[in-house]
> 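Just dropping this structure here.
Side-chain atoms are counted along with the backbone in the values below, which use heavy atoms only and exclude waters and symmetry mates.
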Protein chains: 4
Amino acid sequence: MLAEMNKSQLEIVEAAADCFANYGADAVSIDDIARHLNATKGRIYHHFRSKSELLCAVRMRSVSLMYDQIAPIVARASDPLDAMKQMAFTHVQLILGHHSYHRVVSEDFRVFFNRSTTPDERRQIEEIIEKRTAYEELFRGVIQKGMDSGVFAKRPISLTVHSLITLLNSPSIWYSPRPGQTQDDRDAIAHDLAAMALGALGVKV
Amino acid sequence: MLAEMNKSQLEIVEAAADCFANYGADAVSIDDIARHLNATKGRIYHHFRSKSELLCAVRMRSVSLMYDQIAPIVARASDPLDAMKQMAFTHVQLILGHHSYHRVVSEDFRVFFNRSTTPDERRQIEEIIEKRTAYEELFRGVIQKGMDSGVFAKRPISLTVHSLITLLNSPSIWYSPRPGQTQDDRDAIAHDLAAMALGALGVKV
Amino acid sequence: MLAEMNKSQLEIVEAAADCFANYGADAVSIDDIARHLNATKGRIYHHFRSKSELLCAVRMRSVSLMYDQIAPIVARASDPLDAMKQMAFTHVQLILGHHSYHRVVSEDFRVFFNRSTTPDERRQIEEIIEKRTAYEELFRGVIQKGMDSGVFAKRPISLTVHSLITLLNSPSIWYSPRPGQTQDDRDAIAHDLAAMALGALGVKV
Amino acid sequence: MLAEMNKSQLEIVEAAADCFANYGADAVSIDDIARHLNATKGRIYHHFRSKSELLCAVRMRSVSLMYDQIAPIVARASDPLDAMKQMAFTHVQLILGHHSYHRVVSEDFRVFFNRSTTPDERRQIEEIIEKRTAYEELFRGVIQKGMDSGVFAKRPISLTVHSLITLLNSPSIWYSPRPGQTQDDRDAIAHDLAAMALGALGVKV
DNA sequence: AATGAATGAGTCTTCATTCAT
DNA sequence: GATGAATGAAGACTCATTCAT
C-alpha cells in the first residue's frame, strides 16, 4: 500500500513533508499543503483518503529511505564496529539530506494512538511501526554482536538502541539547511556524530 | 512572570503537563485539561489567559526544574569530567522523575514561531528561550573546559552540546513509568545514559 | 428606582457612560468598567444587579438630564417660536456637555427588545421609554402649537418631532471634545444647530 | 475588493444586512445569519473570512448604493438649490427603500477602531471611509456653492454637512416598513424630509 | 483529475453572573 | 462593602471531509 507511489502522489508527499516539517503536522491544514502545491485540496483528496493517510505516507517514506540505505550496509559488513561506523555516518547523512521527512518522524506516535482511528489507518500505522522496528533491529543486531564480542560496552540493549538512534536523529531537531552549506559541511557533521555514537557505545577511540 | 505561581496555578500546570505529555500539546483541548482537573474551562482561563500561556508555563517549569538542579553542580564541581558525570546523571534522573514536564519540552519551538503570536506571548517565549540557553550554557562551559584540557574529544562545540542534551533527553521519548519501577531502576537508567554521554564526549572509560 | 442614586452608584454610572460611549455598550465588559474604576467587578455587582441595569441607569440619567433642563423652558415660554429657540439651543448644549451619556443614548432600543429580558429589566426599560416619550412630548407640544399658529410649516407631527430631535442629537455622533475647546466654541455649535433646527421647522429667517 | 460580489456572496450580504439591521451587528451571531439563510456557518465562512469582513461588505454596499444614485444628480444639476432638492429627496428614498442596509450604517465606526483589527480589516475599513468621504464631498461641494451664491445660509461647512446627512438619515432610525405602506407614502416622507433639509440650509420657502 | 461549495463537529476564548470569604 | 475564584453558556473561527460538476 504505502510503498507504491506514482509521480502525482510523490509530489504531494514531498509538499506535505515540507509543511509538516516546518510547522508541525497538527498545525498544517490540508489547505496549507494544497497552497504549497499551487492546487486545491481536491487534488490531495483525489490521491489520499485522509490527512492521516498522507501523514502515514510521509512517515513510511522516511523510514523506508533509511531502511533501504542501512540494510545493505549490515548485510555487507564483516564486523560490528565497522558496520556501526558506516551505519551511523549514513544515518546522519540521510537525516541531513532529507531533513523534511525525518523531522516529521522525530515526532513520535502518540498522536496516532490517541485519536479515533479507522481500521484502515491502524493497518497503515502498524505497517510503519513494523518497518521502524525492522530498522531498529538492524541496529539491535549489530550492537548486540558488538557487545557480545566485547567491542561495545555491555549495557541494556533496548536502552542502548533507542538512545543511540535518538542521538543520531538529533540533527533533525537542531540542524536547519542554510544557503551556503556544502556536502562537505554535512559530511563533517555526520562524521562528528558518528564518532560520538561510537563513543557512546563504549568504543575506545 | 512565568516563575511566580500560586497553588491553584501549579495544580493547573501539573494537569496540563500530564495531558500535553500523553497526547501532545496540539491534540489536547482546554476542555481535556479541565476534565483532568475535574473543573471547567473557566477555571483555567481565570488563571491563564490562553492555551499558549499555559503551555509556556509548563515549558518554563520544565527548564527551571532542570536549571535549578544542575547549576549548583557546575558551581561546586572541581574539574569538567567530574562535573559532567554528575550533570548527566542528574539530568536523566530529573527527566525520569518529571517525565510529563520534560516530554512536553522535547517538542521544539516550531509551533511557537509559526503561529500568530501576541506581544505578550512572544515575551514569554523569549523568557523560556533565555532560560533554556542559560541551561545549555552550563553544559557548554563544562564541555569547553573539558575539550581545552584534553579530557573530552575536540569537536564543534554547538553540535556537541545539542547532541549531548538530546541524548540525555532521550528517555523523555522512550521511557514510560510503569507501576513496578523503583528508584533503583531509574538510577540504573541514569547511570547507563551518563556513561553513554561521557563516551560520546570521548572520555576514555 | 432608576432615579435615586447615591455617590457610589453615580461614580459607577459615570464610568460606565464613558466606556459605553467610547466603545459601544456591547463591546464593553463589566471588567472593562471595573478597570476604568480601578476596582473589581464585585463592586459593580454590589450596586447593580446586571449589566443591563447599569445600561438602563446610564440611559435614564441621559434622558433625565435632558428633561430636567428642557421642561422648565417649555413651562416658562410664552410662544412656540421663542420656546423652540431655547429648547434647541439648550438641547445641543447638553449633548456637548454630557457627551458620554448622550452618545450611549443615540443607540436605539433594538438591543433591549430583542434580548431575553427579565420582568425587572422590562420595567426599567418601560420607565426609560416613558421618560423619553415625555421628553418628546415637550417638543411635540411646542411644535404642534407652532404649526397651528402658522409659525412652523405644517407637516406630519411624528416625522417632524423625530427628525428634529435626531438633528439636534447629531453632535453626539460627529462631535468629540478636544483639549482646546472652550464654552464659546460649544455655544457656537449650539447656535448654528438651533438655527438649522428652526429652519427645518420652516421658520422664515 | 469589496465591490466585486457574486450571487452567492450577495445573498449572504443581504441576509446579514437584514439581521444586523433588526438586532444590531453585535447582537447577531454568524449562526443567526446562517439560520436566516437556511444554511450553516460554514457556507458564510467559505465566502467571508470573518464577521468583520461581512459587516464591511454590508456597509460598503450601503454607501455604494447611495453614491451611485447621488453622484449623477450632482453631475447633472445646474444650480445648488436644484441639486440639493433632488439629492435630499433621493437620499431619503434610498434610505426607505434599502432600510436594512442603511440602518446598519447609521451605527458608527467605534466598533471598528476599538477592536483588534487585522491589516486586512483595516484596509477594508479605509476603503469604506474613503467612499463615505467621497459621498460627503458630494454634499459638501453643493452646499459650499450654495453658501457662496447666497442661496444657503453661511455656516461652518463641516457641521452643516454632517448635521444635514444625519437629518436625512433619520428615517433609518425611526422608520420601519409596514405591510400597507405604498410608494406614495414613502415619497411623502422623502418630500417632507427634503423640505426640512432645505429649511435647515436656510432656504427661504 | 480537479475544483469550489458546503457541512458539521470541534476548539479557543469571552463574559455575565454567582458565591464564599 | 468588596474581592477573587469559579461557572456555564455562547460565539467566532477552523478544518477534515464530502459532493456535485
> Need the pair for E/dA20. Rule: Watson-Crick or G-U wobble, both distances under 3.5 Å, any strand; none if unpaired.
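Its partner is F/dT3.
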> Rounded to whole angstrom units, what separation is found between the CD1 atom of B/I30 and the P atom of F/dG8?
17 Å
> What's the NE2-C1' distance between C/H47 and F/dT3, to the nearest Å?
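Checked: the NE2 to C1' distance equals 13 Å.
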> How many whole angstroms separate atom CD1 of D/I33 from atom C1' of F/dC13?
14 Å
> With nearest nucleotides of DNA chain F determined for B/K41 and C/N38 from heavy-atom distances, which residue corresponds to the more 5′ nucleotide?
C/N38
> Considering every strand shown, what is the Watson-Crick or G-U wobble mate of F/dA10 when both distances are under 3.5 Å?
E/dT13
> Whole-Å distance between F/dA2 C1' and C/Q9 CD?
15 Å
> For the pair made of CG in C/D31 and P in F/dG4, what is the distance, rounded to whole Å?
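Interatomic distance, CG of C/D31 to P of F/dG4: 11 Å.
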> Between atom CZ in C/R49 and atom P in E/dC19, what is the gap in whole Å?
15 Å
> Does A/R35 offer a backbone N or O that forms a donor-acceptor pair with the side chain of A/K41 under 3.5 Å?
no
> Want to settle it: does B/S50 or A/S8 sit nearer the 5' end of DNA chain E, counting the closest nucleotide to each?
A/S8
> Quick one: on DNA chain E, does B/G42 or D/I44 contact a more 5' nucleotide (nearest heavy atom)?
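Checking each residue's closest nucleotide, the 5'-ward one belongs to D/I44.
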> With the side chain of B/H46 defined as its heavy atoms from C-beta on, choose the nearest nucleotide among F/dG4, E/dA2, F/dT18.
F/dG4
> Salt bridge or not for C/R122 and C/E127, using N-O below 4.0 Å?
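Salt bridge: no.
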> Quick one: A/D26 CG to E/dC12 C1', roughly how many Å, whole number?
15 Å
> Using only atom types and a distance under 3.5 Å, with no angle test, would you say the side chain of C/D18 pairs donor to acceptor with the backbone of C/A15?
no
> Between E/dA6, E/dC12, F/dA12, spot the one nearest the side chain of D/S29, thanks.
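Selected nucleotide: F/dA12.
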> Looking at A/R132, A/H102, A/K131, which one forms a side-chain contact (heavy atoms from CB on, under 4.5 Å) with A/S62?
A/H102
> Just checking, A/R61 and A/Y101: is the charged tip under 6.0 Å from the six-membered ring centre and within 45° of the axis?
yes
> How many Å lie between CZ on C/R43 and C1' on E/dT17, as a whole number?
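Going from C/R43 (CZ) to E/dT17 (C1'), I get 19 Å.
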> Name the residue closer to the 5' end of DNA chain F, choosing between B/T40 and D/K51 according to the nucleotide with the nearest heavy atom.
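In this pair, the answer is B/T40.
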> Sort out the partner of E/dA1 for me: Watson-Crick or G-U wobble, both distances under 3.5 Å, none otherwise.
none
> From C-beta outward on D/Y45, which listed nucleotide comes closest to its side chain: F/dA12, E/dT13, E/dA16?
F/dA12
